[in-house]
Amino acid sequence: MSGKYELNRMEFMIINSLYQAGCTDHYHSMTITDLIEDNEGVLGVRMTVYRKMQKLIKAGYIDKGCLDNHADTFYLLDKGIKTVEGGKAE
């Protein structure tokens, strides 16, 4: 991606949910279904969340964790953690 990547509200809600759940490494991660349930369905349908996750991976905020019964899981990278904590992301 070229230029500075800025998050919209939904993307911030995703990384904030991962942060609140302590998803900061490969083994401590959440599935898309977990994220949708954690946000009480506000994030929308599964495919919408999947597309947002792909954008966040590409931008370096999150990465894929271990599989959970054939489902991908996701966790925060340093850039995502700094963003949620209010620090400047590089």
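- Looking at heavy atoms from C-beta onward, Thr73 lies out of side-chain contact with Tyr27 at the 4.5 angstrom threshold.
- The side-chain heavy atoms of Leu7 and Tyr61, taken from C-beta on, include a pair separated by under 4.5 Å.
- Leu18 is not listed as a side-chain neighbour of Tyr75, based on a closest heavy-atom distance of 4.5 Å or more.
- Looking at Leu43 and Lys52, their side chains never come closer than 4.5 Å, going by heavy atoms from C-beta outward.
- Put simply, the side chain of Phe74 reaches to within 4.5 Å of the side chain of Ile57, judged on heavy atoms.
- The minimum heavy-atom distance linking Ile15 with Gly80 is given by the pair CD1-O, 4.1 Å.
- Taking NZ from Lys55 and CE from Met10, the interatomic distance works out to 9.5 Å, rounded to the nearest 0.5 Å.
- We find the OG1-CE distance between Thr48 and Met53 to be 13.0 Å, quoted to the nearest 0.5 Å.
- A chain of hydrophobic side-chain contacts below 4.5 Å, direct or via other Ile, Leu, Val, Met, Phe, Trp or Tyr residues, connects Ile32 to Val42.
- Residues Met47 and Ile36 fall within the same hydrophobic cluster, defined by Ile, Leu, Val, Met, Phe, Trp and Tyr side chains chained together at heavy-atom separations under 4.5 Å.
- The only member of Asn16, Thr83, Leu56 that meets side chain to side chain contact (heavy atoms under 4.5 Å, CB included) when paired with Glu11 is Leu56.
- Side-chain contact between Asp72 and Leu67 is present, with heavy atoms from C-beta onward closer than 4.5 Å.
- Across Lys64 and His26, no two heavy atoms sit closer than the pair O-ND1, 3.8 Å.
- Atom CD1 of Ile14 and atom CG of Leu76 lie 11.0 Å apart (nearest 0.5 Å).
- Among all heavy-atom pairs drawn from Ser29 and Cys66, the shortest one is OG-N, 4.2 Å.
- In this structure, CG on Asp78 lies 9.5 Å from CD on Glu85, to the nearest 0.5 angstrom.
- Atom CD of residue Gln20 and atom CE of residue Met13 lie 12.0 Å apart, to the nearest 0.5 angstrom.
- No continuous path of hydrophobic side-chain contacts links Leu77 to Ile81 [ILVMFWY only; heavy atoms under 4.5 Å].
- Remark: the backbone N or O of Ala71 is not paired with any side-chain donor or acceptor of Asp68 at under 3.5 angstrom.
- Put simply, CE on Met30 and CD1 on Ile62 are 11.5 Å apart, with the number rounded to the nearest 0.5 Å.
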